[in-house]
There are 2 protein chains.
Amino acid sequence: MQTTTAASLTRLLKPESVAIVGASANLEQFNGRVVKNLLRHGFGGRVYPVNPKYEEVAGLRCSPSLDALPEAPDVAFITVGRERVADVVRQCAGAGVGAAIIYTGGFSEADEAGAHLEAEIQRIARDGGIRVCGPNTAGVHNFHHNFHLAGLIALDVEEMLPGGIGVVCQSGSIGGALLSRAAQRGIGFSHLISCGNEMDLEVSDYLDYLVDDSRTRAIAVYLEGVRDGEKFKKVLEKALRREKPLVVLKLGEAREGERAALSHTGTLVGEDRVYEALFRKWSVTRVDDLEALFEVAHMFCVSKLPEGDRMGVVTTTGGAGALMADKCGVLGLKVAEVDDALRTRMKEKHPAFGRIENPLDTTIADIHLYSDFLESFLESKCFDVVIPIVGSSAQFKPGMGVEPIVRLKRKNPGVPMLAYFNPHAEDAHRLLAREGIASFQSISGCAHAAAALVRYARVPGRGKEGAPHTVAAPSPSIAERLSAARSLNEAQSLALVRDFGLPVVAHRFCRTEEEARLASRDLRFPLVLKGVSSEIQHKTERGLVKTGLGDEAALEGALAEIAGLRETCELEGYLLQEQVEGGVEFLLGVKRDPQFGPVVTIGLGGPDVELLDDVSMRVTPLTLDDACEMMDELKCKKIFESHRGRGPLDKAAFAEAVCRLGEAAFAHREHIEEMDLNPVFLRERGKGCLVADALIITRNDT
Amino acid sequence: MQTTTAASLTRLLKPESVAIVGASANLEQFNGRVVKNLLRHGFGGRVYPVNPKYEEVAGLRCSPSLDALPEAPDVAFITVGRERVADVVRQCAGAGVGAAIIYTGGFSEADEAGAHLEAEIQRIARDGGIRVCGPNTAGVHNFHHNFHLAGLIALDVEEMLPGGIGVVCQSGSIGGALLSRAAQRGIGFSHLISCGNEMDLEVSDYLDYLVDDSRTRAIAVYLEGVRDGEKFKKVLEKALRREKPLVVLKLGEAREGERAALSHTGTLVGEDRVYEALFRKWSVTRVDDLEALFEVAHMFCVSKLPEGDRMGVVTTTGGAGALMADKCGVLGLKVAEVDDALRTRMKEKHPAFGRIENPLDTTIADIHLYSDFLESFLESKCFDVVIPIVGSSAQFKPGMGVEPIVRLKRKNPGVPMLAYFNPHAEDAHRLLAREGIASFQSISGCAHAAAALVRYARVPGRGKEGAPHTVAAPSPSIAERLSAARSLNEAQSLALVRDFGLPVVAHRFCRTEEEARLASRDLRFPLVLKGVSSEIQHKTERGLVKTGLGDEAALEGALAEIAGLRETCELEGYLLQEQVEGGVEFLLGVKRDPQFGPVVTIGLGGPDVELLDDVSMRVTPLTLDDACEMMDELKCKKIFESHRGRGPLDKAAFAEAVCRLGEAAFAHREHIEEMDLNPVFLRERGKGCLVADALIITRNDT
């Protein structure tokens with residue numbers, strides 16, 4: 001009988017009974033320490049060491065085998081030599097064990113023989129109906145259950161702090177480092193799960209469990225790559241709907257990381273831009289160091305979501321206040337002005353005080369002043385997030401600069417406060433963590449966190465239950481055309497794009513010169529004439545594109561020139577188009593990612609502009625909000641505004657086109673490998689956009 | 001008698017005798033604590049508290065006034081009320097005090113009255129020949145002299161650690177935070193100087209002193225802005241020649257920071273891009289948080305400079321190794337391959353070990369293995385920088401993972417080692433700092449530091465004594481043309497650009513249509529015709545530019561069209577140019593910065609591309625190396641390579657043009673406000689570049 005993944009994960013992560021297979025009576029060795037630590041941190045369930053060599057381990061009776069146990073334990077932690085793991089998993093299955101944690105390494109991450117063994121174990125586990133964490137995992141922790149079954153040296157820390165962050169790591173040592181660093185800051189976790197080689201349970205399974213877990217308020221992930229793209233997309237979407245923020249440190253920004261990951265856990269990290277596109281779509285916050293991973297996750301655990309992006313800064317130290325304002329500005333946050341009401345009220349209370357502005361530098365000279373201004377900022381409605389900064393007193397008199405923050409948080413829980421301490425100030429950080437207030441070690445870290453909080457707060461899909469996308473069914477006639485062709489020429493491609501519902505420039509496909517002459521009468525000069533060939537990608541360079549044909553004579557000349565090229569390239573005919581006047585050239589593309597399906601790209605169009613690499617990507621299907629965000633992500637986004645006499649561009653029309661293309665790509669994902677629409681002319685507001693060139697590559701020939 | 005700034009700074013920073021004017025017998029108050037702390041940290045000179053209210057301060061005889069002292073002290077630390085400061089400075093001057101540190105605040109940073117007082121004090125000091133640090137300074141420290149005369153609460157730390165970093169801060173609290181954070185890491189300073197309002201001595205003076213100081217091996221600066229641009233440029237250049245690396249945290253990336261600085265110390269932060277241009281030119285490393293400011297400066301103090309950019313990573317933890325490789329890759333560093341010699345040697349010694357590659361993940365299981373591989377990496381000649389990474393053992397057994405690093409550093413001092421510890425590991429960090437080894441708290445911080453080290457090591461001008469630039473004298477005839485014109489039209493501008501030595505497209509300026517017809521016979525069709533007007537900036541939008549004129553008839557039509565516009569705009573004539581075929585459009589500009597003089601900008605040209613904001617800037621005068629670096633800094637730098645059938649662009653010609661323009665701009669900086677060359681057509685290698693349009697704005701009308 002197959003149980004659900006959720007049920008298995010519950011037995012794995014919240015067990016009543018645990019067997020440690022391969023336990024050692026030597027508590028200095030890892031195999032002994034794992035038992036000792038499980039007991040030390042107060043696990044309340046039954047613990048069964050299993051090893052024929054010993055009578056007793058850590059004061060517990062040690063059984064010779066799993067069969068000899070008085071019950072089928074929820075979890076078996078396996079730490080025997082790699083050759084014996086398969087046998088133990090078979091015994092687990094036979095005994096009705098809920099889940100196995102294979103700590104043992106030396107499998108697919110190590111060598112061929114290991115990969116072979118892993119495949120065998122995988123088969124045994126699947127046949128026996130037992131779920132597996134690992135192999136090569138560092139183990140699992142459920143902090144609210146006092147359950148710590150893991151091999152991290154970090155377990156030697158005295159206290160395991162329960163908290164709201166659920167941590168999933170595709171590297172045991174990163175998990176250990178996070179535990180160590182967060183503990184130092186007084187920040188606790190709900191779970192810490194080391195994925196190992198993901199022979200069975202994979203990162204998406206653990207995430208799914210944590211999204212459902214009520215103790216977990218935000219999730220921190222160290223990610224190298226995922227095995228099942230669709231499953232990952234689903235869990236990201238679910239996390240967003242349930243308002244459980246995900247914070248991710250993702251490997252693979254550069255080829256160098258990709259190579260290292262491959263040899264580290266055998267994970268394929270995938271294309272980084274596609275992950276970026278996924279993260280943006282489902283509002284996953286990406287960070288780039290360990291500190292930020294738990295600092296930002298902790299902020300999501302304890303902070304309300306702000307209503308806007310207006311930052312208020314109250315500081316005892318001018319320099320740090322200025323730097324904070326600067327960094328907020330760089331990240332696009334508003335360092336809002338103090339309004340008249342607030343200024344008047346503060347002036348009345350403190351007539352001797354100088355300029356009242358934001359950032360507000362009170363200096364530490366009078367801590368009551370600091371406290372008073374902080375309170376005024378929190379209550380003023382001028383700011384959506386307030387950043388209190390404390391200088392030296394945070395280190396030497398933590399009670400002094402930090403006490404007002406704690407007191408005012410209780411009084412004004414509605415406005416998120418993100419604190420920054422200028423000096424080294426561990427006590428102050430711990431004090432705030434205990435009170436459920438986010439604090440940060442660096443100015444840049446604090447400003448980035450604020451930006452992440454603001455971004456997450458304004459996600460349109462957040463918290464919306466129900467299906468977020470209505471996805472069109474594939475059209476049978478389009479599917480037929482796509483599957484018939486090995487490859488599509490430009491005329492066929494343009495026709496398809498029009499049938500996807502995108503506006504396409506007026507055009508005619510003509511097999512002969514004579515047809516072209518006739519067709520020109522239905523079109524408006526000036527015209528563009530292109531030689532059509534499925535073989536040739538860069539037609540302009542080959543002289544196959546003639547633009548600005550103002551009259552019949554010009555058309556005649558162009559026809560003659562292209563006809564002259566027939567000897568050197570195989571032409572299928574001519575494409576005659578009306579020339580688009582005005583508008584800015586964009587590119588609009590789709591590429592099928594092997595893991596995540598069709599991904600839409602937008603960017604500026606034209607031959608040289610591709611070198612600028614200024615594009616934005618999204619995984620399909622797309623919403624209009626996605627399309628608008630994409631435009632906003634372009635570095636050149638100012639181009640959508642009025643410029644040099646032309647009005648603002650028709651963003652709505654472009655968003656519509658982007659969505660329609662994404663929808664078609666998603667509906668026909670079985671058939672389409674790649675689409676490249678370039679240029680797409682985007683014109684002034686109200687005038688729409690026009691696709692002038694298209695190339696579709698089908699999957700039939702791959 | 002006026003002494004040199006250097007001599008005054010020596011008295012200020014390495015005094016034999018110190019007076020504290022306004023000292024208090026209450027050692028809990030700031031005015032008392034400053035005396036207590038000076039003594040506590042072992043200052044060996046004579047200390048004179050001055051205050052008519054007390055007989056004794058901190059066990060020392062307290063004098064009623066400066067006149068009553070047995071000698072003229074080197075330094076007077078002034079901490080009396082703001083109204084009394086002017087008097088005290090007058091007394092200092094009278095008594096022959098070397099330098100005054102005005103701790104008192106409430107001057108130009110506070111209000112009008114304060115600014116007025118500050119101006120008065122400035123006059124008194126100048127007339128009296130006494131140099132001033134401050135007002136509104138937090139004080140100064142010389143760690144190797146046991147001299148700590150400052151008001152930082154951070155002075156309450158037990159131990160003041162002498163080291164190689166000279167710190168200059170335009171914010172007292174940032175200085176305090178740096179001291180606190182670096183002390184925690186076991187990293188020491190040579191000096192810590194708080195600039196205050198820079199009424200007299202300014203940031204460049206302190207930097208100049210530190211560049212000359214033999215105990216200072218690298219300089220860390222918190223910068224808001226500078227008062228004297230030329231002085232700052234000189235000291236940056238001197239620092240580079242003397243190989244004294246500068247690391248800067250600069251405020252003002254965003255408008256928000258600028259605004260905050262203005263109200264914090266009244267500093268004008270200047271245009272951030274211009275600072276960026278300065279920093280790049282003189283290889284100043286810019287960082288963006290406090291941790292990086294002292295971590296990177298410390299690295300420069302203790303590390304040899306690498307010979308290349310090949311990183312080797314040896315790690316006890318796979319995840320962190322992969323992340324490090326990734327981040328190095330993102331920053332353009334090479335994560336070099338292990339070569340055959342190294343692989344063979346390692347395989348022989350450790351035949352059971354798996355894949356030998358970079359990053360090399362030894363796991364902590366066998367620390368001898370770790371040590372052995374680290375040694376092999378250091379000795380292999382495969383790597384220019386080696387990054388040792390230690391996991392959990394760095395926290396729980398610092399001796400274990402860290403000892404090999406210390407031992408091998410002694411054995412192989414030639415290869416820079418930058419260590420990273422994955423967990424929280426303060427003891428390990430302190431251990432390495434004590435041994436003169438750079439270590440980092442974050443992966444990203446470590447990789448950025450490595451990139452900074454590599455960048456600094458390959459600076460061409462570094463360590464070269466002597467004048468770095470031969471600057472052309474201004475040409476009298478050019479100067480005359482520039483100073484005669486209120487503004488220059490396009491034809492005049494192009495002619496000047498040609499006289500600067502840049503290649504300009506063949507052209508003729510013609511006053512009438514008839515002249516244009518005649519001129520066309522000297523030029524090669526196709527031609528471009530432009531209506532010339534000093535008033536109109538965007539000529540294309542106004543219909544004043546006609547391109548692709550293939551023959552005389554086309555020219556005639558274009559002349560008629562433009563002539564028709566004479567009613568609506570004032571034309572000075574026509575510019576007839578040969579049309580440039582092929583090539584990529586760039587822009588090449590100069591703008592005079594009020595502080596730093598002419599700044600050259602390059603970027604892609606064309607009307608829409610300016611929105612991409614992909615430019616690189618340098619302060620003049622320029623070297624060819626500068627020009628090449630600028631091209632390399634463009635995000636679109638791939639455009640210089642072969643693309644879509646065209647060959648690589650003529651970078652050498654462009655670099656030449658950039659330099660010539662920079663030279664002319666520098667030589668004629670008194671006359672030129674702005675130059676805008678756009679487009680400049682850059683063609684394939686060997687074919688050079690051609691300026692097709694130019695606009696020069698002179699300073700005569702400003």
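Values below: every heavy atom of this structure, side chains too, minus hydrogens, waters and symmetry copies. Letters go in sequence order (proteins before strands), and every chain restarts at 1.
Taking all atoms of both residues into account, the shortest heavy-atom contact from B:Gly319 to A:Ser171 is CA-OG, 3.5 Å. The two atoms that bring A:Arg355 and B:Ala110 nearest to each other are NH2-O, 4.0 Å, heavy atoms only. Between B:Phe421 and A:Arg181, the shortest heavy-atom contact is O-NH2, 3.0 Å.
To the nearest 0.5 angstrom, A:Arg185 atom CZ is 10.5 Å from B:His424 atom NE2.
For the set A:Leu178, A:Asp288, A:Leu249, the entry with the most heavy-atom pairs within less than 4.5 Å of chain B is A:Asp288. Interface summary for chain A: among B:Asn358, B:Asp326, B:Leu634, the most heavy-atom pairs under 4.5 angstrom belong to B:Asp326. Contact tally against chain B (heavy-atom pairs below 4.5 Å) for A:Gly445, A:Pro423, A:Ala292: the top residue is A:Pro423.
The side-chain heavy atoms of B:Lys635 and A:Lys635, taken from C-beta on, include a pair separated by under 4.5 Å. Two residues are said to be in side-chain contact when any heavy atoms from C-beta on lie closer than 4.5 Å; B:Leu323 and A:Ile174 meet this criterion. Contact annotation: the side chain of A:Glu291 never approaches that of B:Glu291 to less than 4.5 Å [non-hydrogen atoms, C-beta and beyond].
With hydrogens and angles ignored, the 3.5 Å screen pairs no side-chain donor or acceptor of A:Ser442 with any backbone N or O of B:Asp289.
Under the rule for a salt bridge (Lys or Arg N to Asp or Glu O under 4.0 Å), the partners of B:Glu253 that lie at least two apart in sequence or sit in another chain are A:Lys327.
Just one of B:Asn422, B:Asp361, B:Thr315, B:Ile389 meets the side chain to side chain contact (heavy atoms under 4.5 Å, CB included) condition when paired with A:Ser173; it is B:Asn422.
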